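Note that the coordinates shown come from a computational prediction; the quantities given were computed from them, not determined experimentally.
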Amino acid sequence: MKKFNFRLQTALDIAVRQEQIAREELLLCIKDRDTIAAELQDLNSRLQNLEDEIREGMNTSLPLERLLLLRNFLPVLRKRRDEKNQELFIAEERVEEARHILVERMKESKTLNRLREKEWAAYLQEMLREEQKEIDEVATTRHHRQSREERV
């Protein structure tokens, strides 16, 4: 009985490894995107707090120097927020690209796995056929022996 040998096993191993690498890359991209989103949320919160403080400072007796300092810092925060929005957009594109690559790698490994399963099924069918052939030969030989013994 011959051993099962999938001729594309190396390609399957490589495809599975590439899928694993693509999955890890996707997770890294998602982590980066989430970090940027958290930073953006923090910037938005800081910006909102600064705007609130400026509004309250106009109604109360906040020193003029402090009020001017806060108003001058406002455009800096807005610029950083815009930059973070751009970073978030780029990070989202990287996530989508990594997701697309992962889907392609999964298709490739799934296709090779299906081929392996089909070859395995064919191998089993061939083994069953050979086994049945041997059983038939043994039965035929036994029948001939019994026929000879009965004649003698």
Side-chain angles (χ1 to χ4, degrees), residues 1-57 69-151:
M1 191 184 314
K2 66 178 184 175
K3 179 183 166 193
F4 175 70
N5 186 19
F6 181 53
R7 59 187 165 79
L8 297 173
Q9 186 62 46
T10 304
L12 176 60
D13 293 342
I14 291 170
V16 168
R17 180 66 182 134
Q18 286 178 337
E19 179 184 341
Q20 182 182 5
I21 290 169
R23 192 177 309 275
E24 291 168 0
E25 183 65 30
L26 176 62
L27 290 175
L28 285 174
C29 289
I30 289 172
K31 183 180 177 185
D32 288 345
R33 180 204 58 195
D34 291 347
T35 300
I36 293 170
E39 290 171 359
L40 179 62
Q41 187 175 6
D42 183 51
L43 274 173
N44 283 329
S45 175
R46 287 177 60 195
L47 188 60
Q48 184 64 44
N49 289 340
L50 184 64
E51 289 172 346
D52 291 345
E53 188 176 344
I54 290 172
R55 269 191 230 104
E56 289 174 11
L69 182 66
L70 293 176
R71 289 190 75 187
N72 287 335
F73 188 56
L74 201 57
V76 173
L77 275 181
R78 286 183 180 142
K79 183 179 177 186
R80 288 199 56 204
R81 179 189 61 187
D82 293 343
E83 290 169 354
K84 281 295 172 188
N85 274 328
Q86 185 63 29
E87 283 182 43
L88 184 61
F89 179 76
I90 291 169
E92 284 289 343
E93 286 179 339
R94 275 193 236 124
V95 166
E96 287 307 312
E97 183 180 329
R99 186 171 285 132
H100 176 72
I101 290 171
L102 175 60
V103 167
E104 291 300 314
R105 298 293 185 249
M106 288 172 66
K107 284 180 185 177
E108 186 178 333
S109 63
K110 191 173 184 178
T111 300
L112 288 169
N113 264 324
R114 269 192 244 121
L115 281 173
R116 185 178 192 283
E117 289 171 6
K118 284 181 181 178
E119 283 192 25
W120 174 250
Y123 169 79
L124 288 179
Q125 193 67 29
E126 180 64 27
M127 289 298 108
L128 288 173
R129 211 170 310 144
E130 286 180 19
E131 186 178 316
Q132 187 61 45
K133 188 176 179 181
E134 288 177 20
I135 291 171
D136 289 347
E137 286 177 16
V138 168
T140 303
T141 305
R142 188 173 180 196
H143 177 71
H144 287 298
R145 284 186 186 163
Q146 285 178 351
S147 296
R148 282 187 197 163
E149 289 176 3
E150 288 176 1
R151 282 189 232 157

Query raised in the report: Which pairs with one or both residues in residues 21-30 pass salt bridge (Lys or Arg N to Asp or Glu O under 4.0 Å), sequence neighbours excluded?
Result: Glu19-Arg23
Requested in this report: Quick one: list whatever passes salt bridge (charged side-chain N to carboxylate O under 4.0 Å, His left out) with Asp136, sequence neighbours left out.
Outcome: none
Report summary line: Applying side-chain contact (heavy atoms from CB on, under 4.5 Å) to Arg142 and not counting sequence neighbours gives Gln146
Query - Pairs satisfying salt bridge (Lys or Arg N to Asp or Glu O under 4.0 Å), at least one member in residues 114-125, at least two apart - result: Arg7-Glu119
Query - Interatomic spacing from NZ in Lys133 to CD in Glu130 - rounded to 0.5 Å - result: 7.5 Å
Review item, side-chain donor-acceptor pairs of residues 29-41, under 3.5 Å, at least two apart:
residue : atom : partner : partner atom : Å
Thr35   : OG1  : Lys31   : O            : 2.9
Glu39   : OE1  : Lys84   : NZ           : 2.4

Requested in this report: For the pair Glu53 and Asn49, evaluate side chain to side chain donor-acceptor pair (under 3.5 Å) and give the outcome as yes or no after the intermediate values.
Outcome: CA-CA 6 Å; Glu53 188 176 344; Asn49 289 340; over 6 Å; no
Query raised in the report: What is the distance from atom CG of Leu102 to atom CG of Leu27, rounded to the nearest 0.5 Å?
Result: 9.0 Å
Query raised in the report: In chain order, what residues pass the side-chain contact (heavy atoms from CB on, under 4.5 Å) check against Asp52, with sequence neighbours excluded?
Result: Gln48, Arg55
Query raised in the report: Taking C-beta and beyond as the side chain, do Leu77 and Arg81 meet within less than 4.5 Å on heavy atoms?
Result: no
Requested in this report: Measure the CG-CD1 distance between Leu74 and Ile54 for me, rounded to the nearest 0.5 Å.
Outcome: 4.5 Å
Requested in this report: For residues 3-39, pull every pair meeting ring-ring contact (aromatic ring centres under 6.0 Å, His included), keeping only residues two or more places apart or in separate chains.
Outcome: Phe4-Trp120, Phe4-Tyr123
Report task. In sequence, state the C-alpha distance, the side-chain angles, and the governing distance for Leu43 and Leu47, and then conclude on side-chain contact (heavy atoms from CB on, under 4.5 Å). Result -> CA-CA 6 Å; Leu43 274 173; Leu47 188 60; over 6 Å; no
**Report entry** Counterpart residues, side-chain contact (heavy atoms from CB on, under 4.5 Å), relative to Val16 (two or more places apart)
**Finding:** Leu12, Ser109
Requested in this report: Enter the distance from Ile14:CD1 to Leu112:CG here, rounded to the nearest 0.5 Å.
Outcome: 10.0 Å
**Report entry** From CA spacing to verdict: side-chain contact (heavy atoms from CB on, under 4.5 Å), Glu83, Gln86
**Finding:** CA-CA 5 Å; Glu83 290 169 354; Gln86 185 63 29; 5.6 Å; no
Query - Pairs where residues 90-101 contributes a residue and the test side chain to side chain donor-acceptor pair (under 3.5 Å) is met, not counting sequence neighbours - result: Glu96-Arg99
**Report entry** salt bridge (charged side-chain N to carboxylate O under 4.0 Å, His left out) involving Arg78 - partner list, sequence neighbours excluded
**Finding:** Glu51
Query - Test side chain to side chain donor-acceptor pair (under 3.5 Å) applied to Arg46 - qualifying residues, sequence neighbours left out - result: none
Requested in this report: Could you tell me which residues satisfy side-chain contact (heavy atoms from CB on, under 4.5 Å) with Ile135, sequence neighbours excluded, listed by chain and number?
Outcome: Glu131, Gln132
